[in-house]
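Protein chains get the first letters and strands the later ones, always in sequence-line order, with residue 1 at the start of each.
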2 protein chains.
Amino acid sequence: MPVTTNGWVEELGAERAALGRASTARRVADVLRTRITEGRLAPGTRLSEEEIGAALGVSRNTLREAFRLLAHERLLVHEFNRGVFVRKLEADDVHDLYAFRRILECGALRHAHATDESARGTAVDAVRRAVEAGESAAAAGNWVDVGTANMAFHQAIALFAQSPRVDEAMRHVLAELRLVFHVMAAPQTFHEPYLNDNRRLLTHVAAGEFEAAAQSLAAYLDAAESQLVTVFA
Amino acid sequence: MPVTTNGWVEELGAERAALGRASTARRVADVLRTRITEGRLAPGTRLSEEEIGAALGVSRNTLREAFRLLAHERLLVHEFNRGVFVRKLEADDVHDLYAFRRILECGALRHAHATDESARGTAVDAVRRAVEAGESAAAAGNWVDVGTANMAFHQAIALFAQSPRVDEAMRHVLAELRLVFHVMAAPQTFHEPYLNDNRRLLTHVAAGEFEAAAQSLAAYLDAAESQLVTVFA
DNA sequence: AATGAGGGATTGTTGAACAATTCGTCAATA
DNA sequence: TATTGACGAATTGTTCAACAATCCCTCATT
């Protein structure tokens with residue numbers, strides 16, 4: 001065995017993704033994604049291939065590839081021979097998104113008793129960090145950060161499932177929900193009333209009371225959903 | 001109101017998908033998908049753009065688009081500057097797939113008490129049909145049909161969630177799992193021992209005992225997972 | 001008001017071309 | 001012998017230009 005492998009080489013595997021070059025299509029998708037999730041691209045807007053391709057300096061083919069990526073994340077809808085549009089959510093979509101969230105998040109919490117101790121600890125830590133970040137942002141009146149902290153909170157809840165697929169599904173769901181937040185009347189303060197619920201859930205999961213946490217979260221999501229569907233009334 | 005709308009026009013909406021033309025990329029993806037899920041394309045195989053494009057008579061660009069579709073379904077993996085390969089599942093993948101299934105299927109069952117009666121009825125019917133199809137296929141010794149009936153069974157379980165997203169996630173998970181079935185020693189009879197479990201679950205959901213069904217299904221999935229990971233030992 | 005025929009604009013798809021990268025081969029070196 | 005480095009073939013990444021197919025708006029007709 002050569003002397004070069006002293007054990008630290010294996011750790012490099014974790015950094016593989018860092019140096020992974022991104023395709024142009026992926027980078028294009030990134031800039032469009034942030035524009036969409038930040039609400040700077042109104043739902044229903046049609047995205048012209050020629051126009052955007054020229055603006056970003058990429059060919060139509062590459063741009064179409066980026067469109068496919070975002071369509072798969074349901075941030076764009078692709079209508080054959082008509083073009084791609086920024087996703088516009090209906091009341092049914094919100095209902096389904098919350099149904100999915102209930103299954104994912106409550107399922108993660110109910111699985112928590114079976115996750116190994118170290119992973120459970122990191123999940124609890126992530127939840128705690130999100131709660132504290134939300135509270136301090138609210139104290140500073142920074143409502144945008146309150147929103148992102150709330151997103152981080154629910155993403156942290158999903159960690160209890162200890163499943164990459166649950167993680168990804170959760171990420172996609174939250175990105176989709178952003179499309180609704182921006183069409184609300186007062187998106188700035190939407191998340192603020194849930195800070196108390198988040199804190200309460202934190203005490204539950206920190207104490208290992210996962211079933212109670214799951215039931216509390218289910219009611220929580222019901223309330224949020226019914227508050228959200230009023231946008232479409 | 002014009003006399004042309006006698007009510008039957010609304011029913012046409014259901015057939016919209018039938019006449020929906022499919023892009024060539026989607027059709028190419030379809031033919032590749034069946035080849036993969038039927039096990040006629042060994043995991044790890046590299047799919048050459050030029051070769052396959054010539055064989056199917058489509059340009060490289062459209063073929064690449066089809067590759068992206070299948071990569072999103074995790075049936076192919078796309079390595080930058082290296083090409084696309086038929087997905088090869090590891091033991092971790094199987095573990096995660098079953099973790100995801102536990103959350104989806106048990107979550108669907110636990111939601112069943114809240115689904116409206118008509119949807120619950122159709123779900124129970126779908127479960128029953130799958131169970132009976134599996135049993136008659138086993139009686140005829142047709143193991144391939146036993147496998148598809150088992151897939152249909154779990155897809156029917158997902159119906160209790162009454163959520164399109166759960167449906168789609170379930171469909172993707174089952175398609176992925178087919179990649180494992182084909183590398184097993186005896187894939188023909190893998191599903192046969194679960195016929196009794198399916199029948200028992202049917203009696204549970206038919207009687208409205210959803211919590212019992214969920215717990216039974218969890219144990220069921222645990223057993224299947226541990227049986228499946230032995231393939232990688 | 002409903003129908004039908006242009007016509008412009010946009011998407012769907014192709015083919016070719018070039019740049020960038022991977023991978024195998026082989027010689028040079030210690 | 002094992003390692004290094006350079007070379008070259010093959011493949012992918014990306015662009016460009018072109019054409020077919022389709023949508024959608026306009027306008028004339030009835």
Side-chain angles (χ1 to χ4, degrees), chain A residues 1-6 9 12-13 16-32 41 44-72 75-88, chain B residues 1-6 9 12-13 16-32 41 44-72 75-88:
Chain A
M1 177 191 293
V3 288
T4 48
T5 74
N6 266 333
V9 195
L12 257 56
R16 177 187 310 213
L19 73 104
R21 300 128 307 169
S23 74
T24 342
R26 193 173 209 76
R27 274 175 291 151
V28 170
D30 286 343
V31 346
L32 290 178
L41 224 41
T45 309
R46 175 163 157 277
L47 272 52
S48 159
E49 294 186 353
E50 191 165 7
E51 194 175 345
I52 298 187
L56 267 57
V58 298
S59 83
R60 273 182 63 207
N61 281 324
T62 325
L63 183 61
R64 287 164 67 87
E65 205 168 300
F67 283 168
R68 287 340 203 291
L69 286 173
L70 296 171
H72 179 254
L75 297 181
L76 298 179
V77 292
H78 186 162
E79 302 188 14
F80 194 75
N81 271 325
R82 288 188 16 98
V84 298
F85 304 81
V86 179
R87 176 81 178 285
K88 184 188 278 180
Chain B
M1 178 189 293
V3 289
T4 48
T5 73
N6 265 333
V9 194
L12 255 56
R16 179 187 311 216
L19 72 104
R21 300 130 307 171
S23 73
T24 21
R26 186 174 285 280
R27 272 175 294 152
V28 169
D30 286 343
V31 52
L32 289 178
L41 224 41
T45 310
R46 174 164 157 275
L47 271 50
S48 160
E49 294 187 353
E50 193 164 7
E51 195 175 345
I52 298 187
L56 268 56
V58 298
S59 84
R60 271 183 64 208
N61 281 322
T62 18
L63 183 61
R64 286 166 66 87
E65 205 167 299
F67 282 169
R68 296 303 151 77
L69 286 173
L70 296 171
H72 289 155
L75 296 181
L76 298 179
V77 291
H78 186 164
E79 302 187 15
F80 195 76
N81 272 326
R82 286 187 19 95
V84 298
F85 304 81
V86 179
R87 176 83 177 285
K88 184 188 277 180

Quiz item: Please give, in whole Å, the distance from dT12(D) P to L76(B) CG?
Solution: 13 Å
Quiz item: OP1 or OP2 of dG12(C) less than 4.0 angstrom from a side-chain nitrogen or oxygen of R64(A), does that happen here?
Solution: yes
Quiz item: Within a strict 4.5 Å, meaning less than it, do heavy atoms of the R87(A) and L75(A) side chains meet?
Solution: no
Quiz prompt | Atom pair CD/CG of E51(A) and L63(A) - distance to nearest 0.5 Å | solution = 11.0 Å
Quiz prompt | Atom-to-atom span, CG of L56(B) to C1' of dT14(C) - whole angstrom | solution = 15 Å
Quiz item: Tell me: CZ of R26(A) to C1' of dG13(D), nearest whole Å?
Solution: 15 Å
Quiz item: With respect to L76(A), which candidate in T45(A), L70(A), L41(A) satisfies the side-chain contact (heavy atoms from CB on, under 4.5 Å) definition?
Solution: L70(A)
Quiz item: Nearest-Å distance, CD (E79(B)) to P (dA20(C))?
Solution: 22 Å
Quiz item: Are OP1 or OP2 of dT12(D) and a side-chain N or O of R46(B) less than 4.0 angstrom apart?
Solution: yes
Quiz item: How many angstroms lie between atom CG of D30(B) and atom CG of L69(B), to the nearest 0.5 angstrom?
Solution: 9.0 Å
Quiz item: Which nucleotide in the set dT14(D), dT11(C), dT11(D) lies at the smallest distance from any side-chain heavy atom of N61(B)?
Solution: dT14(D)
Quiz item: In whole angstrom, what separates L63(B)'s CG from dG15(C)'s P?
Solution: 12 Å
Quiz prompt | Nucleotide of dG12(C), dT14(D), dT12(D) approaching N81(A) most closely (side-chain heavy atoms) | solution = dG12(C)
Quiz prompt | Side chain of T62(A) - closest among dT15(D), dT12(D), dT11(C) | solution = dT15(D)
Quiz item: E65(B) has an atom CD; how far is it from atom P of dT12(D), in whole Å?
Solution: 17 Å
Quiz item: Between dG15(C), dG12(C), dT12(D), which nucleotide gets closest to the side-chain atoms of T24(B)?
Solution: dG12(C)
Quiz item: How many Å lie between CD on E50(B) and C1' on dT14(C), as a whole number?
Solution: 15 Å
Quiz prompt | Whole-Å distance separating the CD atom of E49(B) from the C1' atom of dT21(C) | solution = 13 Å
Quiz prompt | Heavy-atom neighbours of R26(B) CZ exceed 12 at 6.0 Å | solution = no
Self-check item: Residue whose closest nucleotide on DNA chain C lies nearer the 5' end, R60(B) versus R68(A)
Solution: R68(A)
